[in-house]
Number of protein chains: 2
Amino acid sequence: MSRFSRLQRESSEIYPGSESDGYKSKNLVTERNRRTRIKTGLFSLSARVPKISKMDKAAILGDAIDYISELLKDVKNLRDEIKNAEEEECRASNMELKTSKLETCQKGCMSSTKVNQDPSGFVKKERTEVQLEVDQIGKRHFLLKFLCEKKRGGFGRLMETIHSLGLQIHDANITTFNGKFLNILKIES
Amino acid sequence: MSRFSRLQRESSEIYPGSESDGYKSKNLVTERNRRTRIKTGLFSLSARVPKISKMDKAAILGDAIDYISELLKDVKNLRDEIKNAEEEECRASNMELKTSKLETCQKGCMSSTKVNQDPSGFVKKERTEVQLEVDQIGKRHFLLKFLCEKKRGGFGRLMETIHSLGLQIHDANITTFNGKFLNILKIES
DNA sequence: GCGTACACGTGATGC
DNA sequence: TGCATCACGTGTACG
């Protein structure tokens, strides 16, 4: 009996839903839709994957997995790159400053008989606070960091003093801020 | 005829492979393997996707697609970030140097009556080649690039000269190489 | 019971 | 011809 009915259906229901309408057609159409959804999703997924070995379902999935792994690796590499760059930059900018703090010492800033050219004409010989640090960076090379009040001509006199001591300036970096005067010099004895 | 044979098969082959062994069993097993592969791939794919809405096949595919889009967006953002950082850094480092080339001019390097302290005691007053460039970078601010032969005390005298002209040095960058002497100064009139 | 998702076996198709 | 893949309809289990 079931054989017959089945045979019937197979022969008469080439397109389902003609005779016994709500029999299995509901499941049939939903299943069709489901398959369509899966198919569409798989196709859409393969469209986003650049490297496609084959158009198989399994191959698409494998390629998608590989692609995701590759993307994750890229993200990781880029993150590392940014991190390294930032670290390097930070290290470079702090290289001289973070090694050690400038020591504070009291020292007469005036090393010669020259006097300050004050607008009032008043001669000042005041003692000035100076921060100084010397690091030896080679057999005959030193790094000198020097922070003092900004004074006209003071820099030239510093140079003269250094030269008079038989020292030679290789590189110099001078900047002024807040009326201060910061030198970082590489000198050779 | 086909109907009959089909009926035959359907009734006798409840478990495939009992009677006509290699009939469809090959296709059956390969199909099983294929389904297993697809299933495994889909499962493996879902394992790599962090955001899972449902465990549906279609949902897995959709989530995977979204995840790939998200990863691509991340990669793009990171690339842009790196690119911007590099551009900024490059611009900052080339800001002063790329404006124009140093002009070459002939000029007496000695600006005062002081003489060179030669080991032989011989007084030299030779003319030296000097490359000089001045750029105005503000209303009262200038950028001075200065390249000359290295001479002891020359730098101090340059400072004195600048000061004597009523100019004020804000920042200075000095380096020596090949017996040359390169200054880049930011000065204010 | 109803809707949904799945696995299954099978016919069809392409190489 | 085999071999691999696919779509299809169906049975079935779960909520």
Side-chain angles (χ1 to χ4, degrees), chain A residues 1-70, chain B residues 1-70:
Chain A
M1 175 266 190
S2 71
R3 295 176 187 174
F4 181 73
S5 66
R6 186 157 190 170
L7 199 60
Q8 270 271 358
R9 269 194 280 122
E10 280 194 352
S11 61
S12 66
E13 292 186 11
I14 301 177
Y15 293 141
S18 65
E19 183 188 11
S20 57
D21 192 80
Y23 210 142
K24 299 281 182 182
S25 63
K26 294 287 176 59
N27 193 12
L28 200 157
V29 65
T30 52
E31 175 66 11
R32 260 205 276 255
N33 289 336
R34 171 179 165 271
R35 276 199 296 262
T36 302
R37 266 185 296 148
I38 295 177
K39 192 181 162 79
T40 304
L42 229 149
F43 193 73
S44 178
L45 178 63
S46 75
R48 278 167 172 78
V49 177
K51 279 292 174 186
I52 297 175
S53 55
K54 293 195 308 182
M55 254 321 221
D56 287 355
K57 286 184 177 178
I60 287 175
L61 292 173
D63 293 341
I65 292 174
D66 294 345
Y67 186 48
I68 286 183
S69 303
E70 198 176 337
Chain B
M1 176 265 186
S2 71
R3 294 177 187 176
F4 182 73
S5 66
R6 187 160 187 166
L7 201 58
Q8 269 269 358
R9 269 193 285 122
E10 280 196 351
S11 62
S12 64
E13 292 186 9
I14 301 175
Y15 292 142
S18 64
E19 183 187 10
S20 57
D21 192 79
Y23 209 138
K24 298 283 183 183
S25 62
K26 294 288 176 56
N27 191 13
L28 201 156
V29 64
T30 54
E31 175 67 11
R32 260 205 274 254
N33 289 336
R34 170 181 166 270
R35 274 201 295 262
T36 302
R37 265 184 297 147
I38 294 177
K39 191 182 167 73
T40 304
L42 227 147
F43 193 73
S44 177
L45 177 64
S46 75
R48 280 167 173 76
V49 175
K51 281 292 177 187
I52 297 176
S53 55
K54 292 195 307 181
M55 252 324 218
D56 286 355
K57 287 185 178 178
I60 288 175
L61 292 173
D63 293 341
I65 292 174
D66 294 345
Y67 186 48
I68 286 183
S69 303
E70 198 175 337

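Just so it is clear, the values below take in all heavy atoms, side chains as well, and ignore hydrogens, waters and symmetry mates. Numbered from 1 within each chain, the chains take letters A, B, ... in sequence-line order.
Interatomic distance, CG of B:L28 versus OG1 of B:T30, reported as 8.0 Å (0.5 Å rounding). Within the model, atoms CD1 of A:I60 and CG of B:L61 stand 9.5 Å from one another, a figure rounded to the nearest 0.5 Å. Separating the CZ atom in B:R37 from the NZ atom in A:K57 is a distance of 12.0 Å, to the nearest 0.5 Å. The distance from the CD1 atom of B:I38 to the CD1 atom of A:I38 is 9.5 Å, given to the nearest 0.5 Å.
Put simply, CZ on B:R32 is 16 Å from P on D:dT5, counting in whole angstrom units. Protein atom CG of A:N27 is 13 Å distant from nucleotide atom C1' of C:dA7, rounded to whole Å. Here C:dC15 presents its P atom at 14 Å from CE of A:M55, a figure rounded to the nearest Å. With rounding to whole Å, A:N33 atom CG is found 14 Å from D:dG9 atom C1'. To the nearest angstrom, P of D:dC6 lies 12 Å from NZ of B:K57. Between the CG atom of A:D56 and the C1' atom of C:dG14 there is a distance of 12 Å, rounded to whole Å. Atom NZ of A:K26 is separated from atom P of D:dG9 by 16 Å (rounded to the nearest Å).
The side chain of A:L28 sits closest to D:dT10 out of D:dA7, C:dA5, D:dT10. Of the listed nucleotides (D:dT5, C:dA7, C:dT4), C:dA7 has the atom at the smallest distance from the side chain of B:K39. Comparing atom distances between the B:T30 side chain and each of C:dC6, D:dA4, C:dG11 picks out D:dA4 as nearest.
Applying the 3.5 Å distance criterion, the base of C:dC8 shares no donor-acceptor pair with the side chain of B:E31. Judged by atom type and distance alone, A:R34 does not reach the base of C:dG3 through any side-chain donor-acceptor pair under 3.5 Å.
For the helix from C:dC2-D:dG15 to C:dC15-D:dG2, the angle separating the two terminal helix axes comes to 0°, with each axis derived from five pairs and the value rounded to 10°.
Between B:K54 and C:dA5, a side-chain N or O to OP1/OP2 separation shorter than 4.0 Å is present.
The closest side-chain heavy-atom distance from B:D66 to B:V49 is not below 4.5 Å.
No donor-acceptor pair closer than 3.5 Å links the side chain of B:D63 to the backbone N or O of B:S46.
With 3.5 Å as the limit, one finds no donor-acceptor pair spanning the side chains of A:T36 and A:R32.
The residue among B:R35 and A:R37 whose nearest nucleotide of DNA chain C lies closer to the 5′ end is A:R37.
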